[in-house]
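Here the structure is laid out as structure tokens; the discussion comes afterwards.
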Amino acid sequence: MLSLPSTTPPANAPTSIDHRVETVTGHDIDSLWTYLDRGLLDEPLRRLAEAHRALSDAERGVTFNRTRLQRLASGDLPFDQGLFTRIERTVAQLKDATGTRDIRQGQAVAVLEALEAAAPARATRQGADLLAHEFAALLAISQGAKLHQNLQTGRMSVVTASGVRVAHPLYQRLEDARLVARDSSRPLHAGQPISLTDSGRTTLTGTARPPVTTATPAPRAGSWPVAPTRPR
């Protein structure tokens with residue numbers, strides 16, 4: 001009897017809203033799920049991460065049954081009544097899996113759209129609202145960092161002076177919050193230096209950098225006051 005090869009898809013099944021989730025959260029999907037498991041997400045992001053994971057699980061079920069149906073109908077198996085029975089059962093399972101996927105997608109999109117609508121307010125939040133891993137990334141960047149782009153893949157990454165790598169979506173979140181800024185006059189492939197803004201320094205230290213002023217020395221006792229310089 002000819003057996004079918006394994007049709008088990010990867011644990012993180014791609015969904016149609018992955019890009020939107022990464023954009024609104026500032027994290028790639030793997031990092032988002034990791035932060036969810038560690039309890040590092042605030043309530044809105046936790047709800048989205050849970051809804052997205054449920055959608056991904058349902059998408060995995062659709063992929064499994066679709067792949068199985070394709071292999072049953074590939075012609076590699078003998079055409080008999082047993083095969084037709086397996087095809088009918090798989091079609092029914094695929095229909096159920098698709099229905100479950102559609103329901104979970106609707107639930108995930110509802111949570112996602114609420115976050116997208118609130119994105120401007122979240123982008124300008126105060127530094128005190130940073131999550132633990134975001135604060136750690138800001139601290140690593142404060143020691144010196146550059147934004148690089150791989151010429152072959154086009155992927156962006158941030159490498160700090162201490163060797164810590166900061167995910168690009170996380171960096172974008174800090175940049176949108178106006179906590180960091182980069183020198184865009186330099187090419188990305190060579191690395192654009194990143195520095196903390198006044199808001200970023202305030203977030204780390206609790207105090208802003210004082211303005212630079214030129215102190216005027218006090219006149220000595222018994223000396224004539226210095227006359228102001230006339231403009232030419």
Side-chain angles (χ1 to χ4, degrees), residues 9-63 100-141 145 147-150 153-160 164-182 184 188 192 194 196-197 199-200 202-204:
N12 181 3
T15 74
S16 61
I17 62 172
D18 284 357
H19 177 69
R20 292 171 63 186
V21 170
E22 291 179 342
T23 299
V24 77
T25 63
H27 310 300
D28 59 73
I29 299 302
D30 290 338
S31 297
L32 182 67
W33 287 14
T34 299
Y35 299 145
L36 173 64
D37 293 337
R38 295 177 180 176
L40 297 176
L41 300 178
D42 57 16
E43 184 61 22
L45 292 187
R46 183 189 64 79
R47 290 197 302 268
L48 177 59
E50 289 177 345
H52 179 269
R53 176 175 281 179
L55 171 59
S56 180
D57 290 343
E59 195 69 63
R60 186 167 63 251
V62 172
T63 301
T100 300
R101 189 273 315 275
D102 292 345
I103 292 174
R104 292 185 180 180
Q105 178 158 322
Q107 295 169 341
V109 168
V111 179
L112 175 61
E113 288 178 344
L115 275 175
E116 288 176 332
R122 290 179 62 84
T124 56
R125 64 186 181 175
Q126 296 298 318
D129 295 331
L130 288 180
L131 302 179
H133 66 280
E134 293 173 332
F135 188 88
L138 187 64
L139 180 61
I141 290 175
L147 176 65
H148 293 269
Q149 182 179 39
N150 188 296
T153 64
R155 293 179 64 87
M156 310 277 279
S157 62
V158 173
V159 181
T160 68
V164 175
R165 290 187 175 273
V166 177
H168 186 239
L170 176 53
Y171 164 75
Q172 287 181 307
R173 194 172 190 83
L174 297 176
E175 188 176 48
D176 290 343
R178 298 182 177 86
L179 299 177
V180 296
R182 57 190 171 93
S184 58
L188 276 170
Q192 294 181 346
I194 303 171
L196 266 59
T197 63
S199 297
T202 301
T203 299
L204 287 183

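Quick caveat, the model's predicted, so the values are computed rather than measured.
At a threshold of 4.5 Å between non-hydrogen side-chain atoms, the residues Leu36 and Leu45 do not count as touching. Two residues are said to be in side-chain contact when any heavy atoms from C-beta on lie closer than 4.5 Å; Arg182 and Glu175 meet this criterion. Side chains of Val24 and Arg20 form no contact here, defined as non-hydrogen atoms less than 4.5 Å apart. Here the side chains of His148 and Leu188 are not in contact, with every heavy-atom distance at 4.5 Å or above. Leu138 is not listed as a side-chain neighbour of Glu134, based on a closest heavy-atom distance of 4.5 Å or more.
Minimum heavy-atom separation, Ser157 to Arg165: OG-NH1, 3.8 Å. Across all their heavy atoms, Ala54 and Arg104 have their closest contact at O-NH1, 3.0 Å. Across every non-hydrogen atom of Ala137 and Val166, the tightest pair is CB-CG1, 4.1 Å. When all heavy atoms of Thr15 and Ser56 are compared, the pair lying nearest together is CG2-CA, 3.8 Å.
Scanning for side-chain contact (heavy atoms from CB on, under 4.5 Å) contacts around Arg38 gives Thr34, Leu40, with sequence neighbours left out. Remark: Ala167 pairs with Asp28, Pro169, Leu170 by the side-chain contact (heavy atoms from CB on, under 4.5 Å) rule, at least two apart or across chains. Shown here are the ring pair (Phe, Tyr, Trp, His ring centres under 6.0 Å) partners of Tyr35, two or more places apart in sequence or in another chain: His27, His133.
Salt bridge absent: Arg47 and Glu50 never bring a charged side-chain N and a carboxylate O closer than 4.0 Å. Taking the charged nitrogens against the carboxylate oxygens, Asp57 and Arg60 do have a contact shorter than 4.0 Å, which makes a salt bridge.
Rounded to the nearest 0.5 angstrom, Gln107 CD and Leu55 CG are separated by 9.5 Å. Of the inter-residue distances, the one linking Ile141 atom CD1 with Ile194 atom CD1 reads 5.5 Å to the nearest 0.5 angstrom.
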